[in-house]
Enquirer: 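Just dropping this structure here.
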Amino acid sequence: MASDLGITPRAENYAEWYNDLVKRAGLADNSVVRGCMVIKPHGYAIWELMRDALDGMFKATGHQNAYFPLLIPKSFLSREAEHVDGFAKECAVVTHHRLMDSPEGVIVDPDAKLEEELIIRPTSETIIWHSYKTWIQSYRDLPLLINQWANVMRWELRPRLFLRTAEFLWQEGHTAHATYDEAEEEALTILEVYTRFAEDWMAVPIVAGVKSDGEKFAGADHTYTIEAMTQDLRAIQAGTSHHLAQNFAKAFDVTFQSAEGKEEHVYATSWGVSTRLIGTLLMVHSDDKGLVCPPRLAPVQVAIVPIGRKDDFVRVCEVADRLAAGLTESRWHGLPLRVKVDKREKESPGFKFNDWELKGACVRVEIGPRDLEAGQCVVVRRDEGEKKTAPLEELTDVVHAELSAMQAALFDRALAMREANTHRVDTWDEFKAAFAGEGGGGFVLAHWDGTRETEQRINEETKATIRCIPRVPLAAGDVEPGACVLTGHPSERRVVFAKAY
RNA sequence: CGAGGCGUAGCUCAGCUUGGUAGAGCGCGUGCUUUGGGAGCACGAAGUCGCAGGUUCGAAUCCUGUCGCCUCGACCA
């Protein structure tokens, strides 16, 4: 029966599995506009949990939220040369402000053409730095630590739900500092926040590092990234933190007067994570039965399925409600548990088991008349699928233990998968072989001569790119000098190559 | 923008070759029976066959055009 659940198995077709998963688990739909998605309540619930967790971490590191506008004057984008190069090809442009009736239906009113066209933000550096110019005058105004939760639009040619959509939700932090070193510290603080979030909340092990010049953000001095490995052995960039140096301060003429009375341009950072985190979560943990959600980010942590008919069902439901109340009142990681009692009468228990597995409930509690007699219930963890019994009065403790164990088990399994698929390669033949064929090839740690030309040639011949130069080497030997895998030129250390999403 | 494929019920699709009353499964509604791994039976609602032309007595089916979507490449978080 498992094959008949409407999800293509991963082994058969990974891309199709992902699409089926997103749709069948009720996370999102395609919109009528290509590239846009409808995030459904179950998917949005995951985003809300992510957002709340991250928002708390940003506040704890001294940041405040603000909101900047969706529309940006076209001329702003071109102030920073690299920035415009990076984004010009994927901007939606607003050219008119009115529609009118016509025999063919509603048309754009040609008389309502805008003097200066507006772009829908692909990112907000320019509009924000325009404001910062008036906000910042003295070193006493620094550091300025702002975040915003917003939607942005990048006109993608090949969209995929959550991973790459034309419109997506994200947060973007934009900070200003008096010195290069302070900005550097900020970029690294955020890199650490992202790392902790990915590993502790998402249970996704990541490699944190710095991007090569070829892969850095358009307009950045350098870009930090966290990279995860998906089950099809590709890399996915889950978050980025940019040190912008004085690039935007110069483009928007944002200066401050130092304590010594000197006029200087400020230093900046920007950083973001998006709804792509949901795609990352799915790609790392879920299976052929549906969504597998780390307990700390699961919309439903416990699904209770009452079993029985007529009077039995009523009695069982009463007990289920009482158990649910006990679970909800308890605290796990400081938060009330998210519990659902599934009292639907038309669906059979078997259907509900499959349904909650599809939707990613972490722990399923089954309780029927026979359990009631015995004063126990059946507890099943989503990632294991093994049925265990627990005394009713101990259920809350058992559930807490299972959730904690599952959170850890998901991370451990993902880490084991990454380690099993991380290889060190020293010859060009081995390198090409690692990335031959369809699908991923895992992470390949290889020496690189540091030039953009070599990076490009490697990408053209193997489809693999440099994902990052790890901040902390994965193994001590990775930072010993060697010879570039393609050119043989000297290399200081190994970098991470992979095929990427 | 290049290469393939597909548009028929909410979903997945059959029907098209050879033109002749619009089909199936799932889902949905009602009722009864069921309930420990996707329950059964009965009845029922549901469609401008993507759109526009053309051929024909007659078009889902043949022809022309057009729009949209999906998959794969070039760009990207």
Side-chain angles (χ1 to χ4, degrees), chain A residues 1-8 13 15-16 18-20 23-24 29-35 85-91 122-123 152-172 194 211 214-218 223 225-228 235-242 270-280 289-290 305-313 316-317 342-358 364-374 376-378 380 385 387 389 438 459-460 463 465 467 500-501:
Chain A
M1 266 315 188
S3 62
D4 197 28
L5 297 178
I7 301 183
T8 305
N13 184 331
E16 220 165 289
Y18 179 82
N19 281 332
D20 290 347
K23 297 216 161 120
R24 294 291 318 264
D29 283 333
N30 281 310
S31 174
V32 291
V33 176
R34 179 182 161 77
D85 272 358
F87 288 105
K89 292 184 293 275
E90 50 189 30
C91 284
T123 178
V152 289
M153 175 157 271
R154 298 179 188 175
W155 206 265
E156 293 295 342
L157 302 175
R158 261 189 72 188
R160 292 195 66 187
L161 292 169
F162 290 116
L163 295 174
R164 201 186 304 105
T165 48
E167 181 191 8
F168 54 93
L169 306 183
W170 77 343
Q171 58 70 215
E172 46 181 325
Y194 289 163
K211 286 288 189 189
E215 294 276 329
K216 73 176 185 189
F217 176 74
T223 288
T225 178
I226 56 171
E227 302 278 331
I236 184 163
Q237 179 176 303
T240 50
S241 176
H242 316 293
S270 70
W271 29 274
V273 292
S274 71
T275 35
R276 175 181 256 200
L277 287 178
I278 296 175
T280 304
K289 290 193 288 188
V305 180
I307 298 160
R309 32 190 291 229
K310 306 206 165 145
D311 290 353
D312 277 346
F313 189 72
V316 168
C317 280
D342 189 348
K343 293 183 196 169
R344 288 178 288 179
E345 297 208 35
K346 195 190 164 247
E347 279 74 19
S348 68
F351 177 92
K352 293 178 184 178
F353 298 165
N354 285 301
D355 196 46
W356 285 113
E357 281 164 0
L358 180 64
R364 181 176 74 243
V365 176
E366 306 170 13
I367 177 159
R370 295 205 301 271
D371 293 313
L372 231 48
E373 298 287 316
Q376 64 179 33
C377 57
V378 174
V380 187
K387 298 200 182 199
T389 57
E438 291 299 306
N459 178 227
E460 279 158 20
K463 301 285 174 210
T465 51
R467 300 320 302 159
Y501 273 103

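Throughout, a chain's letter reflects where its sequence line sits, starting with A, and its residues are numbered from 1.
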Enquirer: Write down the distance separating the C1' atoms in B:U66 and B:G10, rounded off to the nearest Å.
Expert: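 Roughly 27 Å separates the two C1' atoms.
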
Enquirer: For A:V365 versus A:C377, what's the shortest heavy-atom pair and its separation?
Expert: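 Shortest heavy-atom contact: CG1-SG, 3.8 Å.
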
Enquirer: Side chains of residues 235-242 of chain A: which donor-acceptor partners sit under 3.5 Å, not counting sequence neighbours?
Expert:
| from | atom 1 | to | atom 2 | distance (Å) |
| --- | --- | --- | --- | --- |
| A:Q237 | OE1 | A:K211 | NZ | 3.0 |
| A:T240 | OG1 | A:H242 | NE2 | 3.4 |
| A:S241 | OG | A:A187 | O | 2.8 |
| A:H242 | ND1 | A:T223 | OG1 | 2.8 |

Enquirer: Using the C1' atom in both, what is the distance from B:A39 to B:G47, to the nearest Å?
Expert: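 Per the computed distance, 30 Å lies between those C1' atoms.
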
Enquirer: Checking base pairs now: Watson-Crick or wobble, both atom distances under 3.5 Å. What partners B:G65?
Expert: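 By the stated definition (distances under 3.5 Å), B:C51 pairs with B:G65.
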
Enquirer: Between A:T280 and A:R276, is there a donor-acceptor pair closer than 3.5 Å when you use the side chain of the first and the backbone of the second?
Expert: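 Yes: the side chain of A:T280 pairs with the backbone of A:R276.
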
Enquirer: What is the base-pairing partner of B:U21, counting Watson-Crick and G-U wobble geometry with both distances under 3.5 Å?
Expert: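 WC or wobble partner does not exist here.
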
Enquirer: Looking only at atom P, what distance separates B:G65 and B:A3, rounded to whole Å?
Expert: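 Looking at atom P only, B:G65 and B:A3 are 16 Å apart.
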
Enquirer: Atom CH2 of A:W356 to atom C1' of B:G36: distance rounded to whole Å?
Expert: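 Value for this atom pair: 18 Å.
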
Enquirer: What is the minimum heavy-atom distance between A:Q376 and A:I367, and which atoms define it?
Expert: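 The pair with the smallest heavy-atom distance is O-CD1, 4.2 Å.
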
Enquirer: Holding to side-chain contact (heavy atoms from CB on, under 4.5 Å), I want the full list of residues that pass it with A:R370, two or more places apart in sequence or in another chain.
Expert: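 By the side-chain contact (heavy atoms from CB on, under 4.5 Å) rule, A:R370 matches no residue at all.
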
Enquirer: Whole angstrom is fine here: how far is it from NZ in A:K352 over to P in B:U35?
Expert: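 A:K352 atom NZ is separated from B:U35 atom P by 13 Å.
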
Enquirer: Do any N or O atoms from the side chain of A:N19 and from the backbone of A:E16 form a donor-acceptor pair under 3.5 angstrom?
Expert: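 No; zero donor-acceptor contacts below 3.5 Å.
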
Enquirer: Between P on B:G37 and CD1 on A:I367, what's the gap in Å once rounded to a whole number?
Expert: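 Spelled out: CD1 on A:I367 to P on B:G37 is 16 Å.
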
Enquirer: Applying a 4.0 Å non-hydrogen cut-off, can you work out what A:D371 is touching in the nucleic acid: base, sugar-phosphate, or nothing?
Expert: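 A:D371: base contact, heavy atoms under 4.0 Å.
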
Enquirer: Answer yes or no: is there a donor N or O on one side and an acceptor on the other, between the side chain of A:K352 and the main chain of A:D342, under 3.5 Å?
Expert: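 Confirmed, A:K352 side chain pairs with A:D342 backbone.
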
Enquirer: Taking A:R154 for its side chain and A:P122 for its backbone only, find out whether a donor-acceptor pair lies under 3.5 Å.
Expert: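 Looks like yes, one N/O pair under 3.5 Å.
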
Enquirer: Rounded to whole angstroms, how far apart are CD on A:E347 and P on B:C28?
Expert: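 Those two atoms, CD and P, are 7 Å apart.
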
Enquirer: Determine the Euclidean distance between corresponding C1' atoms of B:G53 and B:U12; express it in Å to zero decimal places.
Expert: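 Pairwise C1' distance, B:U12 against B:G53, rounds to 31 Å.
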
Enquirer: Determine the contact category for A:V152: base if any of its heavy atoms lies under 4.0 Å from a base atom, sugar-phosphate if only primed atoms, P, OP1 or OP2 are that close, otherwise nothing.
Expert: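 Nothing, no nucleic acid heavy atom in range.
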
Enquirer: Considering every strand shown, what is the Watson-Crick or G-U wobble mate of B:A3 when both distances are under 3.5 Å?
Expert: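 Paired with B:A3, as far as the under-3.5 Å criterion goes, is B:U71.
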
Enquirer: Round to a whole Å and report the spacing from CD of A:E345 to C1' of B:A39.
Expert: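 Distance check: A:E345 CD to B:A39 C1' gives 15 Å.
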
Enquirer: Checking only heavy atoms, does the side chain of A:K387 share a donor-acceptor pair with the base of B:G37 at less than 3.5 Å?
Expert: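 Answer is yes: a donor-acceptor pair is held.
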
Enquirer: Classify every nucleotide of nucleotides 70-77 of chain B by which part a protein heavy atom approaches to under 4.0 Å, writing B for the base, S for the sugar-phosphate alone and - for neither, in 5'-to-3' order.
Expert: SSSBB-BB

Enquirer: Taking pairing as Watson-Crick or G-U wobble with both contacts under 3.5 Å, can you name the mate of B:C41, or confirm there isn't one?
Expert: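 Pairing partner: B:G31.
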
Enquirer: I'd like the C1' distance from B:C76 over to B:C63, given in whole Å.
Expert: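 That atom pair is separated by 42 Å.
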
Enquirer: Is the distance from OP1 or OP2 of B:U34 to the nearest side-chain N or O of A:R309 less than 4.0 Å?
Expert: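 Indeed, a polar side-chain atom of A:R309 lies that close.
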
Enquirer: Quick one: is A:K346 getting a side-chain N or O under 4.0 Å of the B:C28 phosphate, OP1 or OP2?
Expert: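 Answer is yes, contact under 4.0 Å.
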
Enquirer: Using the P atom as the point on both nucleotides, what is the distance between B:U21 and B:G58, in whole Å?
Expert: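 Result for the P pair: 15 Å, nearest Å.
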
Enquirer: Rounded off to whole Å, could you give me the CZ-to-P distance for the A:R24 and B:U12 pair?
Expert: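 To the nearest whole Å, that distance equals 12 Å.
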
Enquirer: B:A39 C1' sits how many Å from A:F353 CZ, rounded?
Expert: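 Distance, rounded to whole Å: 14 Å.
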
Enquirer: What's the gap between B:A60 and B:G20 when it is taken at their P atoms, as a whole Å value?
Expert: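 Rounded to whole Å, the distance is 9 Å.
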
Enquirer: Between A:D355 (CG) and B:G37 (P), how many Å, whole number?
Expert: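 Those two atoms, CG and P, are 16 Å apart.
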
Enquirer: Rounded to whole angstrom, note down the P distance from B:C51 over to B:A9.
Expert: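 These two P atoms come out 11 Å apart once rounded.
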
Enquirer: For A:R164 and A:R158, indicate whether the former's side chain and the latter's backbone hold a donor-acceptor pair under 3.5 Å.
Expert: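 Indeed, once roles are kept as given, a pair shorter than 3.5 Å links the two residues.
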
